Structure formats: structure tokens, C-alpha cells
Amino acid sequence: MTKLILRALAGETLPTPPIWMMRQAGRYLPEYRATRAQAGDFLSLCYNSELAAEVTLQPIRRFGFDAAILFADILLLPQALGADLWFETGEGPRLSTITTIEGVRALKPKDAIHETLGPIYETVRILARELPPETTLIGFAGAPWTVATYMIAGRGTKDQGPAHALKAADRATFAALIDIITEATIDYLSAQVDAGAEVVKLFDSWAGSLTGQDFTDFAIKPAARIISALKARHPGLPVIAFPREAGAGYIGFAKATGADCVAVDNSVSPEWAAEHVQISGPVQGNLAPHHMVSGGQELIDATRRVVDAFKGGPHIFNLGHGITPDANPDNVALMIDTLRRG
Ligand code: CP3
């Protein structure tokens, strides 16, 4: 096994950590903006397999990242389950809302998702053919809680209020929605693996707003169910879990869910994450994305600090969250140079 990302995920401590970056195909790249304009809009880009593969490859060509992440979105699954989905320019996603058991029951059966998601699997097949042999192909989905927050509110929310409200008012309906997303996510990720994804990542962007029993029931348990089902179907498949802003919830998360690697955000220090999370297995992270905007000596120092903190164990270098549209591509090159040349 020569791919560096796969070696790190298998628990190997490498002299230089392999690197990729969340949202590495995105608006900070002029070539991405050009291809998106060619596609028309963001969703048309996601469903155009040739162009989605092209934007996935752009940051690999430009920077030589060790992994490519499939270009798609976590909200395509709700769309495939029957939710309306559109993106308001400059604002973000909008969906039809689900707040009742009737709304949950009106979702399509999970077998129907592949009809909508076929082009995504085709993107994966193109990438499996076209990626350089040393580059690992990562597939992904949103974790059920994060996906549910968008399906319930119909949009992104600061505090996930509507999802918490439904959970408090009608836990059975809320749990039924989580179950449907969980089962559909297993089939969606499994189809990505059949098409050629070598690793999958579960994005639980809003895990940090779950506490106590809710964290167990709606962050840990669905992830554990998804991971065990995937590993039963695809023995040896490495899985990365990202319970963003989980804080103390990061401790023991890999063991509780069966994830091979935990991605940590930058609300925790790399030293803390090394001591409390990396102690039980590979970690990914966690440079603050703002360094990709500001650059300079601070970026160099912060990159070295992350490398240094995690050098005693298996580590994949990444940002603590997605790179932002105002980032400067030169700073990405500087981060990679700092990492690879010391
Ligand atoms: O990382 C990658 O390069 C792979 C592709 C990817 C996208 N979204 C493309 C995208 C991945 C892995 C995602 C995950 C995703 N999508 C998450 C979880 C990770 C996270 O960031 O917390 C979430 C919550 C979403 C939902 C979503 N998609 C939102 C809230 C938005 C709007 C906010 C924004 O950044 O504009 C999107 C749009 C989106 N997804 C863009 C991209 C490149 C920007 C769309 C554009 O080109 O206009």
C-alpha cells in the first residue's frame, strides 16, 4: 500500500503528514469559478459528472494534494429523498421543510435515491480512472444530525434551533427522520465505494450543538450504525468522522463509532487533540482556515505548530474547516511548502 493517506489511516506515523483540504475545490480558485460558470450554477455543476470531476481534479493539478474529495454536496441526499433544494446566490442552501411525521413519511424510499444520485457515482468512476496513482479518492456524506438540521429548518441556522425544537417537541418523529437519513446514507456511501471511492468521510458540521444523551443518540449512534454497515459491505474500508466542534465529545469518538480517523476542527488546540484524540488513533486537522486569507509568517508558524503537535502519531494534515472564498491560493501553496520542505 503506497498511498500516503491510506497509510496514515491504517495507523502509520509518517515523517511528513499527507495533506488535503476541506473545500479544496471551491470559489477561492479562479479555475473553479470558470467551470461553475460553464455549468450554470452550483447544483448543475454537482450533477454534471464531467465538470464535477474536472473541479475535483483542479486542486490536485495545482497543488498536488494527497487526496481528492469527490465534488458534490451533503444536501444532494435530502434532494434524492424528495426534498426540494435550491441555492440562493450569496446566501446558501434552501430546502422544503419537514416538521411532522407526515412529512417524514412522504420521503421517498431509500432505493429511489440512486435515480437522482447516479451522476454522482459517475463522477466517482471518472475520478477513479483519472486521478494520479498516488492520490486517494475520498467520498463523503453528511452525518444524519447535520443533514436533518437542514431538512427541518429548510436552511442553514446558527444554533440549529428548529431541529432542537422538533427533537424536544416530538422525539419520535425526529428519530424517525434520523433513521431514514441513516439508512439512505449507508446506501449512498456504499454506492460511492462501489464506484471507486477508497475512503469515506462523514461530515457532522453541527455535532457541537448536541450535548449529553442527544450527542450519544444523534451523533454517535447513527455514525456507528453507518460505519458498521459500510464495513460489513466493504471490509477494510477506512472511514473518517468529523464531529465538528464536539470538544470533549472528540474523546473516545473513534472507538464509540468505529471510525478509523477523527477529523478535528480548530476550536481545540492541536496539542490538546494530540493528547486526547490522537492517543487512540489517526487524526486529521486542524489549521484554522483564516490563515489561508492572511498568510505570512503566522501561517508558517501555525502550520509548523500543527505538524509538531501531531508528529508522534498518525496524522493527516488539513484545515479545521473548509477554506473560505476570500482565501488566497498563494497561501495554500505556502502551507504545502512549509509542510513538505520543513
Ligand atoms: O470539500 C470539497 O471540496 C468537496 C465538496 C463539498 C462541498 N460541500 C462543495 C460546496 C463538501 C464535502 C461539502 C460539504 C458540505 N456542504 C457541508 C459539510 C461541511 C461543512 O462545510 O461544514 C455542509 C454543511 C454543506 C452544505 C452547504 N453547501 C452549504 C451550507 C453551502 C453554502 C455555504 C457556502 O460555502 O457557500 C454549500 C455550498 C457549497 N458546497 C459550495 C461548495 C464548493 C459553494 C457553492 C458555490 O460554488 O457557490
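Each residue takes its place number in the sequence, starting with 1. Just so we're clear, the structure is a prediction, and the values are computed from it rather than from any experiment. Values below: all heavy atoms of this structure, side chains included; hydrogens, waters and symmetry mates excluded. When a ligand or atom number is given, it counts from 1 through the structure's own listing order.
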Original post:
Quick one: is the NZ or CZ of Lys201 closer than 6.0 Å to the six-membered ring centre of Phe242, and within 45° of its axis?
Top reply: yes
**OP:** Identify, by atom number and element, the atoms of ligand 1 in contact range of Gln24, meaning under 4.0 Å from any of its heavy atoms.
**Re:** 3 (O)
Original post:
Does a side chain donor of either Tyr150 or Trp206 reach within less than 3.5 Å of an acceptor in the other side chain?
Top reply: yes
Subject >> For atom 5 (C) of ligand 1, closest protein heavy-atom neighbour >> reply: Ala72 O, 3.6 Å
**OP:** Do me a favour and list the nearest non-hydrogen protein atom to atom 34 (C) of ligand 1 with residue, atom name and distance?
**Re:** Arg27 NH2, 3.1 Å
Subject >> Atom indices of ligand 1, in the order listed, that fall short of 4.0 Å to a heavy atom of Ala25 >> reply: 3 (O), 43 (C)
Original post:
Between Ser190 and Asp187, do the side chains contain an N or O donor and an N or O acceptor separated by less than 3.5 Å?
Top reply: no
**OP:** Distance to 0.1 Å, residue and atom name: give those for the protein heavy atom nearest to atom 32 (C) of ligand 1.
**Re:** Pro93 CD, 3.7 Å
**OP:** Compute the ring centroids of Tyr121 and His114, then answer whether they are less than 6.0 Å apart.
**Re:** yes
Subject >> Donor-acceptor side-chain pairing of Tyr28 and Asn331 below 3.5 angstrom >> reply: no
Subject >> For atom 46 (C) of ligand 1, the protein heavy atom that lies nearest, with its residue and separation >> reply: Arg36 NH1, 2.8 Å
Original post:
Considering only protein heavy atoms, which is closest to atom 11 (C) of ligand 1, and at what distance to one decimal place?
Top reply: Phe140 CZ, 3.6 Å
Subject >> atom 16 (N) of ligand 1 [closest protein heavy-atom partner, distance rounded to 0.1 Å] >> reply: Asp73 OD1, 3.0 Å
Original post:
Nearest 0.5 Å, what's the CD-CD distance between Glu271 and Gln278?
Top reply: 11.5 Å
Original post:
Going by an N to O cut-off under 4.0 Å, is there a salt bridge joining Arg171 and Asp217?
Top reply: yes
**OP:** Please write down residue, atom name and distance for the protein heavy atom closest to atom 21 (O) of ligand 1.
**Re:** His321 NE2, 3.1 Å
Subject >> From Phe42, Trp20, Tyr150 - option closest to atom 24 (C) of ligand 1 by heavy atom >> reply: Tyr150
Original post:
With a 3.5 Å cut-off and no angle check, do the side chains of Ser209 and Gln160 form a donor-acceptor pair?
Top reply: yes
Original post:
Step by step, would you call Arg225 with Glu183 a salt bridge (Lys or Arg N to Asp or Glu O under 4.0 Å)?
Top reply: CA-CA 9 Å; Arg225 163 97 190 96; Glu183 294 304 317; 2.9 Å; yes
Original post:
For atom 47 (O) of ligand 1, which protein heavy atom lies nearest, and how many Å away is it?
Top reply: Tyr32 OH, 2.4 Å
Original post:
Heavy atom under 4.0 Å from ligand 1: found in Leu70's side chain, backbone, both, or neither?
Top reply: backbone
Subject >> Phe87: numbered ligand 1 atoms lying under 4.0 Å from its heavy atoms >> reply: 28 (N), 31 (C), 37 (C), 38 (C)
**OP:** Just jot down the ligand 1 atoms closer than 4.0 angstrom to any heavy atom of Ser205, in number order.
**Re:** 18 (C), 19 (C), 20 (C), 22 (O), 24 (C)
